[in-house]
Amino acid sequence: MKQIKDPQLLEKHLAKHGIRELFSIPDLPFQLYRMEKGEFLNNELDPKEYFTFVTDGAYQIMNIDDAGKIYRYPESRGFNCLGDLEFATGEYSPYLIEIVRTSYFVSIPLRNAEEKLRNDPKFLSYIIQNLGRKLQRSQREMLENQSGSERVLAYMENVCPNGILKGTEKAAVALRMSRRQLQRILKQQCDKGIIKKTGRGTYRLREE
């Protein structure tokens with residue numbers, strides 16, 4: 001990683017994506033960095049300590065489970081931010097962020113700026129919107145990579161209040177499957193004892 005101490009180039013990256021307009025606070029301590037393929041952002045710009053905008057390049061997020069298995073998310077390109085989840089929760093990231101081609105980042109060190117940012121309504125609004133988009137994308141990817149039964153059970157567990165699915169037509173649209181396919185899966189899961197039909201178009205996950 002290399003910090004680029006060129007004020008004009010920094011301003012170019014800030015202006016390219018209108019980064020200054022995301023804040024109400026003037027004179028934030030923006031810093032410009034360049035990273036190369038194979039480097040890990042976490043090792044240099046820890047998302048818990050830096051709020052970072054990706055202004056150019058590509059990266060890939062991965063997670064390693066307790067068994068040592070690596071899960072890789074699709075490659076990300078274009079303008080984005082890293083550190084929003086850590087900023088919102090105050091916890092360290094469980095993910096690794098690998099650079100897949102030369103990338104540029106505009107970062108804000110949080111040591112002296114975090115308190116101001118937490119009181120900036122414009123920035124907080126951006127954080128909320130960005131986390132919402134990431135949640136939607138994550139849900140889509142989860143649904144696309146799972147079998148029909150896995151998608152239905154994940155939907156009931158994570159989306160349906162108290163694990164209760166009400167209305168198969170609405171659920172079928174959300175799950176991007178036909179109503180007939182959904183009803184077939186629900187019947188299969190009822191036969192297995194995993195869920196229980198409690199009324200017309202209403203199903204509940206059985207408690208373990």
Side-chain angles (χ1 to χ4, degrees), residues 1-66 68-139 141-142:
M1 181 188 77
K2 180 180 180 180
Q3 183 175 0
I4 302 175
K5 298 182 179 181
D6 181 336
Q8 291 185 338
L9 189 55
L10 171 60
E11 286 301 321
K12 179 180 178 181
H13 281 267
L14 287 167
K16 181 179 180 180
H17 301 287
I19 292 175
R20 289 193 185 278
E21 284 67 46
L22 301 175
F23 302 87
S24 303
I25 306 167
D27 303 321
L28 284 167
F30 294 112
Q31 299 175 349
L32 179 63
Y33 294 90
R34 185 182 71 217
M35 298 185 70
E36 304 296 340
K37 179 179 179 180
E39 293 188 274
F40 288 89
L41 183 134
N42 310 65
N43 295 340
E44 308 291 348
L45 300 171
D46 192 312
K48 181 75 163 52
E49 300 174 7
Y50 293 83
F51 191 90
T52 298
F53 295 96
V54 186
T55 60
D56 191 20
Y59 63 93
Q60 188 171 46
I61 294 177
M62 64 181 73
N63 187 26
I64 303 176
D65 65 17
D66 294 337
K69 185 176 181 180
I70 298 176
Y71 296 87
R72 292 181 178 270
Y73 293 82
E75 182 179 305
S76 296
R77 300 186 179 204
F79 180 67
N80 206 340
C81 76
L82 301 168
D84 46 358
L85 181 61
E86 291 77 9
F87 186 87
T89 64
E91 298 179 358
Y92 282 94
S93 173
Y95 305 105
L96 292 173
I97 303 168
E98 183 179 10
I99 309 305
V100 297
R101 68 179 173 88
T102 300
S103 301
Y104 288 85
F105 305 91
V106 170
S107 292
I108 303 172
L110 294 176
R111 178 177 296 179
N112 298 320
E114 183 173 358
E115 185 175 351
K116 292 180 180 179
L117 293 176
R118 291 195 180 280
N119 289 283
D120 184 348
K122 199 170 184 181
F123 173 65
L124 295 178
S125 176
Y126 169 73
I127 288 281
I128 292 171
Q129 293 176 20
N130 207 61
L131 286 173
R133 287 192 292 266
K134 288 182 177 180
L135 177 60
Q136 289 179 327
R137 186 168 63 248
S138 177
Q139 289 176 332
E141 290 170 356
M142 177 187 70

Any Leu28 side-chain heavy atom under 4.5 Å of Leu117 side chain:
yes

I need the full list of salt bridge (Lys or Arg N to Asp or Glu O under 4.0 Å) pairs touching residues 116-127, with sequence neighbours left out, sorted by first then second residue.
Glu114-Arg118

What's the spacing between Asp46 CG and Tyr92 OH if we round to 0.5 Å?
6.0 Å

Heavy-atom pair of closest approach, residues Ser103 and Ala58
OG-N, 3.0 Å

Within this structure, what is the CG-OH distance for the pair Leu110 and Tyr50, rounded to the nearest 0.5 Å?
9.0 Å

Which residues share a salt bridge (charged side-chain N to carboxylate O under 4.0 Å, His left out) with Glu44, sequence neighbours left out
none

So, does Glu39 use its side chain to make a donor-acceptor pair with the main chain of Met1 at under 3.5 Å?
yes

State, yes or no, whether a side-chain contact exists between Val100 and Ser76 at a heavy-atom distance under 4.5 Å.
no

Partner set under salt bridge (charged side-chain N to carboxylate O under 4.0 Å, His left out) for Glu21, not counting sequence neighbours:
none

Applying salt bridge (Lys or Arg N to Asp or Glu O under 4.0 Å) as the test, list every pair that has at least one member in residues 4-14; sequence neighbours left out.
Glu11-Arg20

Could you please spell out the steps behind the side chain to side chain contact (heavy atoms under 4.5 Å, CB included) verdict for Tyr59 and Ile61?
CA-CA 7 Å; Tyr59 63 93; Ile61 294 177; 3.9 Å; yes

Check: Phe105 and Gln3 side chains under 4.5 Å, non-hydrogen atoms
no

Can you check whether Asn80 reaches Asn130 side chain to side chain, under 4.5 Å on heavy atoms?
yes

Could you list the residues that satisfy side chain to side chain contact (heavy atoms under 4.5 Å, CB included) with Leu85, not counting sequence neighbours?
Thr89, Leu131

Going by salt bridge (Lys or Arg N to Asp or Glu O under 4.0 Å), name the pairs with one or both residues in residues 78-92, residues two or more places apart or in two chains.
Asp84-Lys134

Point-to-point distance, once rounded to the nearest 0.5 Å, from CD1 of Ile25 to CG of Asn119
8.0 Å

State, with a plain yes or no, whether a side-chain heavy atom of Val106 is found less than 4.5 Å away from one of Leu10.
yes

Nearest 0.5 Å, what's the CD-CD1 distance between Gln60 and Ile97?
11.5 Å

Among all residues two or more places apart in sequence or in another chain, which pass the side chain to side chain contact (heavy atoms under 4.5 Å, CB included) test with Glu98?
Phe40, Met62, Arg72

Is there a side-chain contact between Phe87 and Leu124, using heavy atoms and a 4.5 Å cut-off?
yes

Kindly state each residue pair satisfying salt bridge (Lys or Arg N to Asp or Glu O under 4.0 Å) with at least one member in residues 28-38, sequence neighbours excluded.
Arg34-Glu36

Sorted by chain and number, sequence neighbours left out, salt bridge (charged side-chain N to carboxylate O under 4.0 Å, His left out) with Arg101 holds for none

According to ring pair (Phe, Tyr, Trp, His ring centres under 6.0 Å), who are the partners of Phe51, at least two apart in sequence or on a separate chain?
Phe53, Phe123

Considering residues at least two apart in sequence or located in another chain, which fulfil the side chain to side chain donor-acceptor pair (under 3.5 Å) criterion with His13?
Thr55

What's the shortest heavy-atom distance between Lys48 and Gly90, and which atoms?
CE-O, 2.8 Å

Who pairs with Ser107 by side chain to side chain donor-acceptor pair (under 3.5 Å), at least two apart in sequence or on another chain?
Thr52

Does a side-chain heavy-atom distance below 4.5 Å link Cys81 with Tyr126?
yes

